[in-house]
Amino acid sequence: MSVATAAGAATAAPGPAIRAAGLAKTFGSIRAVDDISFELAPGRIYGLLGPNGSGKTTLIRLLLGLTKATSGRAEVLGVTMPSRSNLARIGYMTQADGVYPALTAGENVRFFAATYGVRDQAAARDALEVVELVDRGGSLTATLSGGQRRRLSLACAIVHRPPVLFLDEPTVGVDPLLRVAFWSYFRSLAQSGVTIVVSSHVMDEADRCDELLFVRAGKVIARGTGQEIRARAGTDELEQAFLKFSGDAEVRA
Amino acid sequence: MSRHRVAALFRRVVQEIRRDRPSLGLLFIAPLVITGLLTFILREGQSPTIDAAIVNEAGQPGQVISGLLSSSLSSQGGSVVDVADEASARSGLRDGTISVAIIIPAGLGSGSAPTITVLTNGLDPSGEAGQLGSLQRALLSAASTIGAGHLPAIEHQTLYGTPSTDQVTNLAPALVGFFIYFFVYLLTGVSFLRERTGGTLERLMATPVARGEVVAGYTLGFGLFAMIQVALLMTWVLGSIQVPSIGPLPAFSIGLGVAVAGSPVVAFVVVLLLAIGAVSLGIFLSSIARTELQVIQFIPLVLVPQFLLSGVLFPLSSIPGLLQPIAPFLPLTHAVSALRLVFVAGAGFDAPDIQLDLLVLAGFAAFFATIAALSIRRDVV
């Protein structure tokens, strides 16, 4: 995966790239997201770590304005979400691939470029180049392998060079080689100023993030760098640390 | 609303359908096959034996026709008897000893073109339509041998009810409307459901695309295919392209040859408005459905009652009084009534009834588009 084509630099606006203030979402009696507040600085990679069903996806959808918050507020680049126009500055790679199987890879990227208002024909080609799919550009998406579809999904998420990028479990079903390529690309984006939020339930990816947010039962139970979290939990294993913080959260509750 | 985003959505929808062979077949071929079969059944199906009585007031030329008709009908297992006057023919019709009475008027073969009257009892319109089809051909070919220079006109009268020379003329416009409505709904409903369940709608809602733009893009995309479908279906229904006999192959004609009294352009506009409404209806109902099967399950719930209550098969006046107030609230009712006016009565854009139906159809399309846009919530899950 080529590192040369990094996304555009983030806006130089001071203050956090992403802000959650008392964000909550309930589905019936289930509190999917339960009073979460944080500020995320620009140009860093944040890892949302937690088991399936802990509320990571709902949190991302709240930050994107894709679902209505029961209470609280989400802000991206200083704009309160939901904001349709602000979505042009945000990239989102969903857990499902979210690409059209009946379209070719190239058609998919060009379609999403157009929805983001990108008129430059080179943008779609650049995005395909980043994920090394240029030679499959004319292939129907349905005929691509699982890993290729993940790459296409990423290309569609970065085709408009957004300063903020949400990646929901981007490496699920991705082979180790491609996973390394993905992470080095994410790092290059962050270096150019892009703020990245990655959700994962794989703890061994955690150390590639600048900061970790442990999510459990809709709450952020711990936040810090991998080193800080290990030190506070008194263990070298992030899994052990997660269990310890989970226990602490239960004691407090 | 951004022109570029709508154009991108339009292109995408077209690309998707273009590659979907089964859907294209459903859209373009199925209506032709079904209308063809229906026409075939209505016109030729019964191939009944005709027992005719002839009242000959024309003397010698009438005898010639009677003789020719007798041999052609008896070859199909029927019979021809000569009766003295119309009154005895009518009593024969009433008691069922004959199925058709043919009255050949005085003056036939004398250079003028008098009208031959064909009488049936009118109690079984579809059965009689089948008889009349073959009878008319036999009569015309018999009359042409007289060489009077003019083919006689044939008028159909019935003892009871009002006659209809070709059932298909009445049914075809209604069927054209119904098929467009049905297939456009089905295709949009299923494609939009795939968009909802396949995760692409969620992805699309994370872009600056507005809900109205999605509905507009879909309407344009499916509208294009509906236009092609309507053009194809109308050509098929109205057309009668004669293919001359080549070698051992007999001559035949392509198309159902349904007579249209009005302009096909007016009919085209009516059907297009109906199709635009069907796109939005498909999008809206796909928000209630969870699987593709459920989109199909809406057909007996939403489309079949419309089919029954909008005058496609049964005249509105024959629907029970209790159900009649529903008809004006069904888009299909207005499309069918407008199409019949065009096909049978030859009405154009200047007819107030057509204008009203077009206005109502446009209103329905706008209403469905609004609820379709509202059904595309960003809050999907």
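The chains referred to below are lettered A, B, ... by the order of the sequence lines, with proteins before strands, and numbering in each begins at 1.
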At a 4.5 Å cut-off on heavy atoms, which part of A:F112 comes close to chain B: side chain, backbone, both, or neither?
side chain
For A:A157 and B:R203, the nearest pair of non-hydrogen atoms, with its separation, is CA-NH2, 3.5 Å
Relative to chain B, which segment of A:A113 carries a heavy atom at a distance below 4.5 Å: side chain, backbone, both, or neither?
neither
Interface check, chain A: of B:R11, B:R18, B:R5, B:Q15, most non-hydrogen pairs under 4.5 Å belong to B:Q15
What pair of heavy atoms forms the shortest contact from A:Y116 to B:P208, and how long is it?
CD2-CD, 3.5 Å
So which of A:R119, A:R110, A:H160 has the biggest tally of heavy-atom pairs under 4.5 Å with chain B?
A:R119
Using non-hydrogen atoms and a 4.5 Å limit, figure out which bit of A:T104 sits close to chain B: side chain, backbone, both or neither.
both
Nearest 0.5 angstrom please: B:T207 OG1 to A:Y92 OH, how far?
12.5 Å
Less than 4.5 Å to any heavy atom of chain A: does that hold for the side chain of B:I17, its backbone, both, or neither?
neither
Backbone N/O of A:Y100 and side chain of B:R12: donor-acceptor pair under 3.5 Å:
no
Around A:R125, counting heavy atoms of other residues, nucleotides and ligands shown, do more than 12 lie under 6.0 Å from its CZ?
no
Verify the neighbour count for atom CZ of A:R31: are there more than 12 heavy atoms of other residues, nucleotides or ligands below 6.0 Å?
no
Is the shortest distance from a Lys or Arg side-chain nitrogen in B:E202 or A:R61 to a carboxylate oxygen in the other one below 4.0 Å?
yes
Spacing of OG1 belonging to A:T94 relative to CG belonging to B:L204, to within rounding of 0.5 Å:
11.5 Å
As an exercise: rank A:L103, A:L64, A:N108 by heavy-atom pairs under 4.5 Å with chain B and give me the winner.
A:L103
